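Here is the structure we will look at.
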There are 2 protein chains.
Amino acid sequence: MRIDDESLKGLLRARGLRVTEPRVAVLAYLASTDRHPTAEDVETAINANGQVLSRASVYNVLHSLTRAGLVAGMSVTDGAARYDAHVAPHHHLLCRTCGRVEDVPWQDFGIAERGVLPDGRSVRTLALTLDGVCNACC
Amino acid sequence: MRIDDESLKGLLRARGLRVTEPRVAVLAYLASTDRHPTAEDVETAINANGQVLSRASVYNVLHSLTRAGLVAGMSVTDGAARYDAHVAPHHHLLCRTCGRVEDVPWQDFGIAERGVLPDGRSVRTLALTLDGVCNACC
DNA sequence: CCGCTCGTCTGGAACTATTCTAAATCTCGT
DNA sequence: ACGAGATTTAGAATAGTTCCAGACGAGCGG
């Protein structure tokens, strides 16, 4: 799943972000996994590669990537925020049993075609967090 | 929206929880508002009534009420968990602009009638968090 | 109604996730 | 290559939550 650094740098530039080593490293790591790592996971994984990345930088980078739309952050009820480089629309299934976060293929549950709720409020995105039980646990 | 304490005590007893002053106070407060207060909001509101409730107790009580199914906790991306005594099924609209959490009338978006996702994973609850913009901000 | 037991409450310390700060460093347009 | 301004860094600070050990009190049996 390793994406070459040049493509990643291109992504960063395309969004008007300066290309820095921490940003490339974080983006490469997030793009390489389908788990939904926490900030701490990101820091650990990158520092395991010999690089040194401070905790504060992990957050800085995650924030700038999020603002640029290159990664998406999500919060689960217990503990730390989780990040995800798959920004194509999809949903998340939060497993009640093991706490794992699994991706759910995107489907329009009948909301987006309207873009508004029946009472008129607008829904801008369709990133839903479903509460359920994953295959491993069922 | 004030519900008399006797009904609340009955609710607690029905769930096998001991009836204590903090529990009644927290439950009464949550039942009286359609905002989605944080633990701190709960503490502030109750202590404003002359009672004294420690921070730890607020969490104790919220946890026991949640375990008993009398209130539901939810986490939003930024900041503190929020609680809600309206446990009838409904969704939440998280406003991107002002951060407010609004209730959305329950609707089966075509998921529950199956109870499973197309790929077979089961979905246990339908408490969805929608990402959008509330009426006040639109 | 009384006393006992165990669940609950309390204040404070501890812990975890995140943000802030101020200085050093680096990117990139010129 | 230079300089302006963005980014990184380590460490301190903050916010939200949990843990702890002791005091308290709800509700059972008598």
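Please read all numbers here as calculations on a predicted model, not as lab measurements. Throughout, a chain's letter reflects where its sequence line sits, starting with A, and its residues are numbered from 1. Only this structure's heavy atoms are used, side chains among them; waters, hydrogens and symmetry mates stay out.
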Mind calculating the distance between CD (Gln51(B)) and P (dG25(D)) to the nearest angstrom? 14 Å

Check for a donor-acceptor pair, side chain of Asn47(A) on one end and backbone N or O of Leu53(A) on the other, with a separation under 3.5 Å. yes

Does a side-chain N or O of Tyr59(A) approach OP1 or OP2 of dT18(C) to a distance below 4.0 Å, or not? yes

Per atom distances to the Val61(A) side chain, the nearest of dA10(D), dT8(D), dC9(C) is dT8(D)

In whole Å, I'd like the distance from the CG atom of Leu53(B) to the C1' atom of dG25(D). 15 Å

Kindly state which residues belonging to residues 17-25 of chain B come within less than 4.0 angstrom of DNA chain C, counting heavy atoms of the residue only, listed by number. Arg18(B), Thr20(B), Pro22(B), Arg23(B)

Spacing of Tyr29(B) atom OH and Arg35(B) atom CZ [to the nearest 0.5 Å]: 6.5 Å

Please report, rounded to the nearest Å, how far the C1' atom of dA15(D) is from the CG atom of Asp41(B). 14 Å

Taking Arg18(A)'s backbone N and O only, do any of them form a donor-acceptor pair with Arg23(A)'s side chain (distance below 3.5 Å, no angle check)? yes

Measure from the side chain of Ala39(B), starting at C-beta and using heavy atoms only, and say which of dT8(D), dT10(C), dT17(D) lies closest. dT17(D)

Does the side chain of Ser54(A) get closer than 4.0 angstrom to OP1 or OP2 of dT9(D) through an N or O atom? yes

Among the candidates dG16(D), dC9(C), dG11(D), find the nucleotide nearest to the side-chain atoms of Ser57(B). dC9(C)

Calculate, to the nearest 0.5 Å, the distance between atoms OG1 and CG belonging to Thr44(B) and Asn49(B) respectively. 11.5 Å

Grab the CG-P distance between Asn60(A) and dT25(C) for me, whole Å please. 17 Å

For Arg55(A) and dT16(C), give me the distance from atom CZ to atom P, rounded to whole Å. 11 Å

Whichever of Tyr83(A) and Val52(B) has its nearest DNA chain C nucleotide further upstream toward 5': Val52(B)

Lys9(A): which of Leu17(A), Asp4(A), Val19(A) passes side chain to side chain contact (heavy atoms under 4.5 Å, CB included): Val19(A)

Output yes when at least one side-chain N/O atom of His63(A) is less than 4.0 Å from OP1 or OP2 of dT19(C), else no. yes

Euclidean distance, atom CZ of residue Arg13(B) to atom P of dG7(C) [Å, nearest integer]: 18 Å

Do Leu11(A) and Val24(A) share a hydrophobic cluster, counting only Ile, Leu, Val, Met, Phe, Trp and Tyr and linking them when any side-chain heavy atoms are less than 4.5 Å apart? yes

Distance, rounded to the nearest Å, where Leu12(B) contributes CG and dA26(D) contributes C1': 12 Å

Testing dA10(D), dT10(C), dT17(D) for proximity to the side chain of Ala56(B), the answer is dT10(C)

Any Ser64(B) side-chain heavy atom under 4.5 Å of Asn60(B) side chain: no

Euclidean distance, atom CG of residue Leu62(B) to atom C1' of dC9(C) [Å, nearest integer]: 14 Å

